[in-house]
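Every chain is numbered from 1, with letters handed out A, B, ... down the list of sequences.
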Amino acid sequence: MPVKQSETSLTTDEYGKLLAATTGFQNQVIIYRQNPNFDTEMPAVAHTITIPFSADAGAGVLRAYNSSGSVSVEYFNGSTWASAILLTSSGKSGIAPKVVAVATGWDVYLIKSDNKIYVYHSTDAASWDGGTQWSTVTVAGATFMSFADGGIPLVYVFLSDSGGHIAAISPTVSYDTGIYWANGVTDFDAIDFQGSDDDTTGIHSYTKLRHCIVMACQTPALSTYTTDLSGSPIAAPVLTGGLVSFVIHPPNEGRPIQVSRTYPVDVYDRGLTFQNRATSRLSSTSSVFNPTNNRDTIWLTSAGSDGDVININDQAYYYDAVFYYSSRDGVHWSQNKIIPNSQIDFNHLPTVLLKVGTFLYMVCVSRIWRSKGCYEFYNPHADLTLDISRRIQSYSSSIADARQSNIVLDNTDNKLWQSFLGQPGVFTVIAKIGLEGHAKVQVSTEEVDSIQPHQERPQEQVRITCRDRTSWITDRIQSAQAEYWDSQVAGLDQFRNVNGANDTGLAHSDVVKGSFTTSIKPFTLSLQDNYQEGISFNTFKSNIVDGREMTIFTLPNPTGHGGSSASDSPTYAGLVFRAQDKDNMWIVRYNWWTNVIELLERRAGVDTIKVSHAPTTEFLASAHNVLPAGLMVDVRGGRVRVYESTSYFGPYSAHYKPSFAYYIAKGTDPAPTFLQGYFGEIACGFSDQVSTDSTTPVDPPVPPDGTGGGDYGTPDTGFHPTRYYLYSSSGRVLRGAGSVGSPAYTDISPSPTVKATLASGLTSPEFCPDMIFNPFHLHEAILLGPHNMLRGTNMDATPSYTNLGIHPPSGYYWGGNTGIGGFAGRQGQIVFNINVEGYFGWLEIPYNPSDYCQYAYTHDNFATVQRTNLGLYPSYGSLITVTLGQHASAWTNIPVFVSASGYNQRKFSTDGGQTFAYNTTSHADPDGDLRQGGLTNLPYTLGHGVANTSNTGLLDFLGVSPRYYYFIDIDNDAVIIPGMACDSPYSINTLTVDGNYVVLMDPYKFIVSSDGGANWGVSNHPNFRNEWAVCGWPTNPNFFIAWGNTVSVTFDQGVTWTNIDIPGGLAGGEFYVKCQADLTEHYDVGGPVH
Amino acid sequence: MTTVEFSGFEMADANEAVTIEEIFKKWAAFASIHAFNFDDTMTNFDATKWTTISNVSYGSTLARTGSVGANTAAWYSLRMPHSYQLEFTAHQPKWTIRLRANVISGSYYELTYSKPDALVSIKYVSGSGTDRFNEFELFADQQVDWGRVKIMVHDQWGTADDGQLLQYISLWVNDELLLSNCVNLAGSGTDLYFGFLVYAGSAGTLFSDLRVANLVDIQPTSSLDPAGSPLSAIQLAVQDRYVRWWMRWDGSLRAWTPTIRSNTLTVNRHKQFSLSPVTDIRQLFTHIRVLGAFAWVQVKDDSLIQWYGHRFAEIQNSAMWFADDCYRVGQQLLIRSKEQAFQCQFSSLGMALCEVEDRIQLPDISSTSAYIDYVVDNMSLEFNIDAFHTSGTARQYFYG
């Protein structure tokens, strides 16, 4: 569109002539300084800097302050301050008065010690009335106050109730703005302005009027507040803070006060940057877009700091400044602009930027600085304004996507360069055109890119290039931090897979506790496991602060399903919000036993009931009687509104009635009540469903890929573990800690009573233990005895052992031979899957050699045990081996491989051990007399990073006469392992960083391959004997720990060994010892442990 | 089976709809540009496009001019985009809007705000009955006699092989979120009409200040990286949409999707006027396929094909999710292609008030009395003594 007539002061005739003219133009070009320069400190009246104050601009600057209840005003006329005038000595201490310039002079609003709002008025800032009570409302508990008018005057007060709440006070009414802020607020201010017009019909008044509030405050912390199993924090919230704004529709003609959402003005992550915005003061000016409206542009001033948190102790890396921002709608704010401390020493005080005529003032309680007016604030001072029209020698512009102009000015008298153009600064160029006798019309606004004095004898010139404000968007402005402006995220979870099928997919539900399934009932999220709490986070958005969520649920009647009390059969369902993990969230739920809707805060796993609300009879009729009932939560800042259904229309539909509102109190620790977090569901109750599908709450780690990739990271040969564990046939458990070569041992054995359960009822065969660490749970071990299992927790501190109560079936014992993790030596072996939480497997050997062996496993961390008949006989000293494929996404696709040594038979399962098939691969038999020796898994290399299904990636160890061991992979490549006698048993370990490392132990030998078994090296160790174990380390392929006759460690793959003394040595009858590295020492840094 | 069951879960965060217009506002304001010149796709109740109802008037307001005896639907006659934000001022304490309507079959989503009932509700009405979705009783501070209403209608696919097409309808009154409803449209697509329900009653203004922005597309997210310019954030959101933007004379930002516009200047012949029409078909295409994220369309220009034969082009734009979006952009690009093929270079005195994209009339060199409509593409101005010498290029105007 061309410059429209309405945008000019021309008449229709004048405009038409200008539009059509081809000659007769007059050109005018004016240059202004664009930005302020606070280079002059004015005479100051200094006060104690902690005195709360405010200031506003009229003909001069009026400042009011509150000194211990005495409220005084001071007037600055542009050069000096008048003597202070006491308005009242009964002001409420600590609360700043609010100065407002009005058409008739000045008003000062203040709160007196009677908690009432008063206003004092003056026409000349010199003579003041005695003040009048402005409002009948009592505002006890106020800590800040401000004021906005525009025709609907309201005093805004920040009240300390409900965790922090802004109320709007009219002369007769206190309005709830809905702004509840359970975080630290250090300052706030309000101002009125003219927004977009709600209604141009004239039916209503003040339809453009808005009030704007800006707070300097902590903002909702990032969601990293999590705790471990014991409830101890393992991550604290990352605090955020800065400036936020709200836009308010004042109460008007049947419309209550209405408040927008929270808009970020300048919010930063305090974990990464040393920033703060401690104060918030608002002022306003007119602008070129609305020269007559002195509320056209809002200016926000904030004292604070910027810098690098890492170098916080070095002040060279951060700086203090006054930051100012602009907006014309209270929603969209400019990037901050900085007035550095070197320019004005504001001393972190609340500071307000005021325009008085052609000057700008930066005012705080103790000092005042001045800048000449400039174009940015639409009050250019004459000293910073230059009409260059008569000096133009040439003027040209090119206009396409942007406008760029070149101006050559005559500078024969050299005065241009002596003007402000010769000084540093940003300059705006305004071009106007007109016909003689008519007003001129502005045609461009540009900013000087370059300015160049030029001598071309006899001419003296100044050459200017400038561009329009496209440059502000394309290249002049860069963001200092990531900024976001996201649309509303809304979602519907119908609990079906993305392809619409009702299968095992959990759609948008991420189960973080317990177990849910969608596979049983169409479009329904069903709790599994009886009276076990389940929590599901909704995946539409993870960092929600404000919003709404609702759900429809049905609860079984617990009394009909074995329940007698809330303690033995807890029954509830509802919603969670601002959820961090299973132990930290807010909960709204219906509690069947108490018949109430409850609001709870769960922090570190401990629930605190905040509200118990008796719902309507309509709600109870559904919720209490196995009928669908609904709950809705609307959370906004510190305010929580809860709704309950009173009618049910369908699976996603109900009539909701407000139940109650709750206001979150400000927390004492770092803002745990005001976090960004998940929405989701929570439930507990009777369930005839047992979890069968995987609802693994964490993504499985990505195994190493053979190139150093994967979650385990790259090999770190410098890493030496600081903890390992020894577990002997007597049930003794030792923890070695400190230097791995000379550790300090602690006996952490179970109590004699508990230890006795490991072998109770079993006298034969021998006590052959195994111990492994649970890679998914910090410091948790599983101890296997011949008859029982224990779960040890806090193994790194003071362990606690729990009897799992799992025993071999009648006629069976636990046993087996080699396997991942290292234990060798006869019976007792348990293996885990490192991809799938809660899966463990072990072999069960019959006493009767004509019975088949069994494979036993748990997929739910020993809550249940399943068994599968292998169809293999025990043989040759019961040497039967189990190994697991480690590439699995769920327990139902874990590969399981077993081999029976005496019969050269192998079987495999691809469904987690539910079914097995024979592996019929025929091995080459170079020397004849093959005998199955064992089997292990090379998941990462030969499997090429994919799941083993039947064969790929297995190493099959076979013994042949004359007593040499062969290595043969399943692709039938045979390798003779040099120097190896065909003895038994042996130990195998492959749990190393890239899976190429395979270790065997044989009496007096340590044999290692670092290339997946193609080549082997053998080292001897005199102390290695038949009963030994070896354990590797996931990240350091050079480190191994072994226990034969002694405990030894190597840091160089067995080239050299260090023997470690054991306190008291091995007791009599104590043998078959397992040494186990604490895998969690690695995994607790970014691994799967949670 | 007996267990605890959840049969549905809905959520919405408290953010507002972010349109392309809003993205320009956000990031331009970040650069301290706070004044804008946007266009509206709909800015009034154009009586020619609304259902004629006795005693109901259209114009700047939708009003009952006399008694209306029965509740009657006032339909807008054109389809809306799949995703848009509608703004209006409601002057009554109870009002109803019908969205995503198929006027012929009589199916629609009906959103009702009622202060008398202290209720906001949404339901789906079709020939087979009514599905009530959700009804929320209002807290006292949500009950207003009048207010500025914003409604976001937004469709979103999940993934390319996702059977879910979610339709969001959210309601804000005076900036407060009162309702968000989400339904899965998979397999049951809706039409794109909307209308208001005129309740029976006596004379009175019902609605005013209707607005649908020209840059109305809803953009799910927008972000500015550290060290990024505001333009980088804008471009990330706009992608390949046909949006033109520049700075006006007063430093305000103008952004719009070019469309029909009025002539602003007729340049007459004079001594220093020169015109050089150029037909350059190197970039011309007569047929374009627009590939969106989940849909594609083809658009052709029969007259161009007749003149220049078949010249095919294809563009991809993942920001467009629906065929009608692709079709709109395809049409715009086809016109742009046509404009580019028929350009002129001009030189004249004056024209100092012109801006790019202005529609102007230049003399037709084949006729002494005729003019051809062009769109200013770029200009160079040089001020010399008392005259502006203006030269530039313009594209022929084809919007009709």
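In this structure, B:Asp225 contributes its side chain and A:Ala482 its backbone to no donor-acceptor pair below 3.5 Å. No side-chain donor-acceptor contact under 3.5 Å links A:Tyr652 to the backbone of B:Gly8. A distance-only check finds a donor-acceptor pair linking the side chain of A:Ser653 to the backbone of B:Phe133 [under 3.5 Å]. Side-chain atoms of B:Asp13 come within 3.5 Å of backbone atoms of A:Val489 as a donor-acceptor pair (strictly under, hydrogens ignored). In this structure, the side chain of A:Ser487 engages the main chain of B:Val18 through a donor-acceptor pair within 3.5 Å.
Residue B:Glu16 touches chain A through both its backbone and its side chain, counting heavy-atom pairs closer than 4.5 Å. Only the backbone of A:Ala21 comes within less than 4.5 Å of a heavy atom in chain B; its side chain stays farther off. Only the side chain of B:Lys115 comes within contact range of chain A, with at least one heavy atom under 4.5 Å from a heavy atom of that chain. Heavy-atom distances place both the backbone and the side chain of B:Ser252 under 4.5 Å from chain A. Heavy atoms closer than 4.5 Å to chain A are found in the side chain of B:Asp209, but not in its backbone. For A:Glu446, no part lies near chain B; criterion is any non-hydrogen pair under 4.5 Å. Using a 4.5 Å cut-off between heavy atoms, A:Tyr15 contacts chain B through its side chain alone, with no backbone atom that close. Neither the backbone nor the side chain of B:Ala233 comes within contact range of chain A; no heavy atoms are under 4.5 Å apart. With a 4.5 angstrom heavy-atom cutoff, A:Arg255 touches chain B via backbone and side-chain atoms both. With a 4.5 angstrom heavy-atom cutoff, A:Tyr395 touches chain B via backbone and side-chain atoms both. For B:Tyr168, the part lying under 4.5 angstrom from a heavy atom of chain A is the side chain only. Of the atoms belonging to B:Trp172, it is side-chain heavy atoms, and not backbone ones, that fall under 4.5 Å from chain A. With a threshold of 4.5 angstrom between heavy atoms, A:Asn530 does not approach chain B through any atom at all. For A:Phe289, the part lying under 4.5 angstrom from a heavy atom of chain B is the side chain only. Heavy atoms closer than 4.5 Å to chain A are found in the side chain of B:Ile218, but not in its backbone. Using a 4.5 Å cut-off between heavy atoms, B:Thr2 touches chain A through backbone and side chain atoms alike. Neither the backbone nor the side chain of A:Val545 has a heavy atom closer than 4.5 Å to any heavy atom of chain B. With a 4.5 angstrom heavy-atom cutoff, A:Leu575 touches chain B only via side-chain atoms. Heavy atoms closer than 4.5 Å to chain A are found nowhere in B:Val149, neither backbone nor side chain.
Contact of the B:Ile33 side chain with the A:Ile473 side chain is registered, since non-hydrogen atoms from C-beta on lie closer than 4.5 Å. Proximity of B:Leu119 to A:His655: side-chain heavy atoms (C-beta onward) are separated by under 4.5 Å at one or more points. Residues A:Asp199 and B:Ser208 have side chains in contact (heavy-atom distance under 4.5 Å, counting atoms from C-beta outward). Inter-residue side-chain proximity for B:Leu224 and A:Gln478 is flagged as unmet; no heavy-atom pair is nearer than 4.5 Å. Side chains of A:Glu681 and B:Phe9 form a contact here, defined as non-hydrogen atoms less than 4.5 Å apart.
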Could you go through the side-chain contact (heavy atoms from CB on, under 4.5 Å) check for A:Ile552 and B:Phe6 one step at a time?
-> CA-CA 6 Å; A:Ile552 305 279; B:Phe6 293 93; over 6 Å; no

Decide side-chain contact (heavy atoms from CB on, under 4.5 Å) for B:His91 and A:Ile203; before the verdict, give the C-alpha distance in whole Å, the side-chain angles of both, and the deciding distance to 0.1 Å.
-> CA-CA 9 Å; B:His91 289 271; A:Ile203 296 172; 3.6 Å; yes

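Contacts with chain B were tallied for A:Val626, A:Val288, A:Leu492; A:Leu492 has the most, counting heavy-atom pairs under 4.5 Å. Between chain A and the residues B:Ile360, B:Asn181, B:Asn134, B:Asn384, the most heavy-atom pairs under 4.5 angstrom are made by B:Asn134. Across B:Met379, B:Glu382, B:Arg359, the residue that shares the most heavy-atom pairs under 4.5 angstrom with chain A is B:Met379.
Between A:Tyr643 and B:Phe139, the ring-plane angle classifies as perpendicular under the 30° and 60° cut-offs. The aromatic rings of A:His204 and B:Trp146 sit parallel to each other, their planes meeting at less than 30°, with 60° as the upper class boundary.
A salt bridge does not link B:Glu176 to A:Arg261: none of the charged side-chain nitrogens sits closer than 4.0 Å to a carboxylate oxygen. We find that B:Arg244 and A:Asp401 are joined by a salt bridge, their nearest charged nitrogen and carboxylate oxygen being less than 4.0 Å apart. Ion pair B:Asp250/A:Lys4 not flagged as a salt bridge, since none of the NZ, NE, NH1 or NH2 atoms sits closer than 4.0 Å to an Asp/Glu carboxylate oxygen.
For the residue pair B:Ser223 and A:Glu483, no side-chain donor N or O sits within less than 3.5 Å of a side-chain acceptor on the partner. For A:Asp198 and B:Thr89, the side-chain atoms include no donor-acceptor pair closer than 3.5 Å. No hydrogens or angles considered: nothing links the side chains of B:Glu5 and A:Thr524 as a donor-acceptor pair under 3.5 Å. For the residue pair B:Asn174/A:Gln258, the side-chain donor-acceptor check at 3.5 Å is satisfied.
Evaluation of the side chain to side chain contact (heavy atoms under 4.5 Å, CB included) rule for A:Thr445 yields A:Thr428, A:Ile430, A:Gln442, A:Arg469 as partners, not counting sequence neighbours.
Atom-to-atom distance recorded for A:His332:NE2 and B:His34:NE2 is 10.5 Å, nearest 0.5 angstrom. The CD atom of B:Glu22 lies 6.0 Å from the CH2 atom of A:Trp485; values are rounded to the nearest 0.5 Å.
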Please tabulate, for the side chains in residues 25-32 of chain B, all donor-acceptor contacts under 3.5 angstrom to protein atoms that are two or more places apart in sequence or on a different chain.
{"unit_1": "B:Trp27", "atom_1": "NE1", "unit_2": "B:Ser222", "atom_2": "OG", "d": "2.7"}
{"unit_1": "B:Ser32", "atom_1": "OG", "unit_2": "A:Lys337", "atom_2": "NZ", "d": "3.0"}

